[in-house]
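Contents: one structure, followed by commentary.
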Amino acid sequence: MTGYDTALFVGGTRFIGRHTVETFLDSGYEVTTVTRGEHEDPFADRAGVENLTGDRTERADLTAARDAVDPDVVVDFVGLHPGEVREATDVFADARYVYVSSGSAYVPGDVPMREDRTDLHPCDPEEEDKDSVETYGPRKAECDRAVFAAATEGVEAMAVRPMLVQGPHDYTERFGYWVNRVAEHDEVLVPGDGGSLLHRVYAADLARALLLVAEEGKPGEAYNAADRTAYSLGRSLELIADALDTDVEPVHASARELAAHGVEPTDVPLYTPDPMLVSTEKLAALGWEPTSPTTSVAETARAHVDAGVTGPEESLDRETEEAVLRALRDE
């Protein structure tokens, strides 16, 4: 028994947060979420969950939430800028503070990337307040450094770095793109040989990791979160097809063949030209065990089909995909 029973979530009503609320409730916590109220609250009528309206960029709102809840644990899902995390670690200095970071904080290159060995992105001061894809990794890295700095001042602050998260309620729809393709079509276009290897983590497993780090993690440490078994893009299609009891034929295309139709390999969700893998030894040492890919992909695929998920709007459209497939058949 940890003696912790009250949790405050900064964010917590959309994707990762929804799974984490359920996990904390199952562990006997009373949970309060702090959100701006811009999205539907799935826990509006749920016993054991309260919601406070507040803007995490306003110190007064964070302070009011702290005073209302007096939390043992704070999980920060929506810290996107270093100044926000510095503020939060100060406001919640008396709680166990867990910051949800990202594997994007790492400078890629190491295989696997390790918490204590792989360099983090530098972040120039002018990048800290920008909202762009290019500054996302550097900002997350600087947020982590803010967590570490707070720990040196006595705050029980830790960071969890998930790789790409997939599971039910995923509003990014990146994995849902592939589920939709497998569910609706006999052939799907796959960049390269299907060996693209992007480490992922099941949302429910990440939720358990956040709980475990909140209760057992060491202040000033970061913990990678990713499946114990990394599987390729090609293997993903096989797992989805098995889950949906269907068949699918992956049709592989080189970068040159895609370029002939104005397509880049990265236009396809989950594609990465180089392996993106992390070590999960530190999290495993706390007792964390992830769900098998067979189970996690099956649960995710069925949930996406039920929800009618089709994929991100900016991803490769089916019309262009079919044009590439026709060209490959005619070669």
Side-chain angles (χ1 to χ4, degrees), residues 9 11-27 31 39-43 46 49 75 77 100 102-103 160 162-185 188 190 194 196-213 224-248 250 268-271 276-278 280 283-284 287-312 315:
F9 291 175
T13 58
R14 297 195 72 192
F15 175 31
I16 300 170
R18 288 183 68 166
H19 292 272
T20 310
V21 168
E22 296 288 359
T23 296
F24 272 69
L25 287 175
D26 288 345
S27 295
V31 177
H39 301 282
E40 182 180 357
D41 181 3
F43 304 107
R46 185 71 174 275
V49 186
V75 182
F77 293 97
V100 182
S102 169
V160 174
M163 294 299 283
L164 187 136
V165 187
Q166 61 189 39
H169 312 302
D170 178 10
Y171 59 85
T172 73
E173 300 193 5
R174 288 171 290 189
F175 191 70
Y177 169 94
W178 292 106
V179 172
N180 176 259
R181 288 300 198 264
V182 173
E184 299 294 332
H185 305 286
V188 297
V190 179
S196 175
L197 201 54
L198 173 60
H199 220 161
R200 297 172 236 163
V201 61
Y202 185 42
D205 292 338
L206 176 56
R208 290 189 293 104
L210 293 171
L211 173 64
L212 189 59
V213 170
N224 292 332
D227 288 331
R228 188 68 52 82
T229 303
Y231 49 97
S232 68
L233 184 53
R235 178 59 178 154
S236 296
L237 301 185
E238 295 173 358
L239 291 170
I240 295 168
D242 288 346
L244 301 182
D245 194 24
T246 188
D247 295 309
V248 67
V268 178
L270 308 189
Y271 174 82
M276 297 289 289
L277 302 172
V278 295
T280 58
L283 196 54
W288 184 72
E289 285 288 342
T291 305
S292 73
T294 301
T295 300
S296 64
V297 170
E299 292 178 355
T300 303
R302 289 192 287 264
H304 284 338
V305 169
D306 290 345
V309 171
T310 59
S315 58

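Given the structure is predicted, the values throughout are model-derived calculations rather than measurements. Along the sequence shown, the residues carry numbers beginning at 1.
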Is there a donor-acceptor contact under 3.5 Å from the side chain of [X] to the main chain of [Y]?
| X | Y | result |
| --- | --- | --- |
| Thr280 | Leu283 | no |
| Trp288 | Asp205 | yes |
| His199 | Met163 | no |
| Ser315 | Gly311 | no |
| His39 | Arg14 | no |

Enclosure of Asp247 CG (heavy-atom neighbours >12, cutoff 6.0 Å): no

Any side-chain heavy atom of [X] within less than 4.5 Å of one from [Y]?
| X | Y | answer |
| --- | --- | --- |
| Val188 | Leu237 | yes |
| Ser236 | Trp178 | no |
| Thr295 | Tyr202 | no |
| Phe175 | Val297 | yes |
| Ser196 | Leu270 | no |
| Val165 | Arg200 | no |
| Val160 | Asn224 | no |
| Ile16 | Leu206 | yes |

CA sep, side-chain torsions, deciding dist, call: Arg46, Leu25, side chain to side chain contact (heavy atoms under 4.5 Å, CB included): CA-CA 10 Å; Arg46 185 71 174 275; Leu25 287 175; 3.9 Å; yes

Let me confirm one number: the [atom1]-[atom2] distance from [X] to [Y], rounded to the nearest 0.5 Å.
| X | Y | atom1 | atom2 | answer |
| --- | --- | --- | --- | --- |
| Glu299 | Thr291 | CD | OG1 | 7.0 Å |
| Thr300 | Asp170 | OG1 | CG | 8.5 Å |
| Arg235 | Leu197 | CZ | CG | 13.0 Å |

Side chain to side chain contact (heavy atoms under 4.5 Å, CB included) assessment of Val305 paired with Leu244: CA-CA 9 Å; Val305 169; Leu244 301 182; 4.0 Å; yes

On a heavy-atom basis, which atom in [X] and which in [Y] lie closest, and how many Å separate them?
| X | Y | value |
| --- | --- | --- |
| Ala301 | Val179 | O-CG1, 3.6 Å |
| Tyr231 | Pro293 | CE2-CB, 3.6 Å |
| Gly176 | Val309 | CA-CG1, 3.7 Å |

Parallel, tilted or perpendicular, as decided by the 30° and 60° cut-offs, for the rings of Phe9 and Phe77: perpendicular

Partner set under side chain to side chain contact (heavy atoms under 4.5 Å, CB included) for His169, not counting sequence neighbours: Phe15, Arg18, His19

Flag for Asp227-Thr229: side-chain donor and acceptor within less than 3.5 Å: no

